[in-house]
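Notes to accompany the following structure.
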Amino acid sequence: MNEKKLLQKILATLLVGALMLTIALAMTLVVGKSLEQMGDSTGASVLGGVGLGIGILWLIDLVGLVVTLGIRAVIEPDRTDSSKRAEVTNRTDYREEDGSGK
């Protein structure tokens, strides 16, 4: 399998995982606080532990995203075209003479 396609699949998976874990974490914490407000301390405690686990998974996912993006940046060549870069550096700004000297 091509390295670029593999990195794209990994990045897509990690990104979807980060988004889903964020939603799951928010929902778990909201339901846990709701249970705590209703007086169900056992349910709130369980969901607090589940939320902690989801938060840890989210952090691992985030580290994976950063590392994968770093690998991608090192592997892929510079995206700027050298001929365009030379064109920009060699270009001079020509202004039409309107006779006013400006």
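Residues take their numbers from the sequence shown, with the count starting at 1.
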Qualifying residues under salt bridge (Lys or Arg N to Asp or Glu O under 4.0 Å), relative to K33, sequence neighbours excluded:
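If we apply the salt bridge (Lys or Arg N to Asp or Glu O under 4.0 Å) test to K33, skipping adjacent residues, the hits are E36.
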
Apart from [X] itself, what residues make up its hydrophobic cluster, given side-chain heavy atom links below 4.5 Å?
{"X": "M20", "value": "V16"}
{"X": "V66", "value": "none"}
{"X": "I23", "value": "M27"}

side-chain hydrogen bond (donor to acceptor under 3.5 Å, both in side chains): which pairs involve residues 62-71, sequence neighbours left out?
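Residue pairs passing side-chain hydrogen bond (donor to acceptor under 3.5 Å, both in side chains), neighbours aside: none found.
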
Quick check on the hydrophobic clustering: are [X] and [Y] connected, directly or via other members, by side-chain heavy-atom contacts under 4.5 Å?
{"X": "V67", "Y": "I75", "result": "yes"}
{"X": "L11", "Y": "L62", "result": "no"}
{"X": "M38", "Y": "V31", "result": "yes"}
{"X": "L14", "Y": "L69", "result": "yes"}

Distance-only donor-acceptor pairs under 3.5 Å for side chains of residues 54-61, two or more places apart:
from, atom 1, to, atom 2, distance (Å)
W58, NE1, T22, OG1, 3.0
D61, OD2, A18, N, 3.3

Residue pairs, two or more places apart or on separate chains, that pass salt bridge (Lys or Arg N to Asp or Glu O under 4.0 Å) and touch residues 44-58:
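Listed by first then second residue: nothing to list.
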
Say you draw a straight line from CZ of R72 to CD1 of I10; how long is it, rounded to the nearest 0.5 Å?
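Interatomic distance, R72 CZ to I10 CD1, rounded to 0.5 Å: 11.5 Å.
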
So how far is it from L6 CG to K9 NZ, rounded to the nearest 0.5 Å?
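One gets 8.0 Å once the value is rounded to the nearest 0.5 Å.
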
For V30, what residues pass the side-chain contact (heavy atoms from CB on, under 4.5 Å) criterion, not counting sequence neighbours?
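Partners of V30 under the side-chain contact (heavy atoms from CB on, under 4.5 Å) test: S34.
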
With a cut-off of 3.5 Å and sequence neighbours excluded, list every side-chain donor-acceptor pair involving residues 43-53.
none

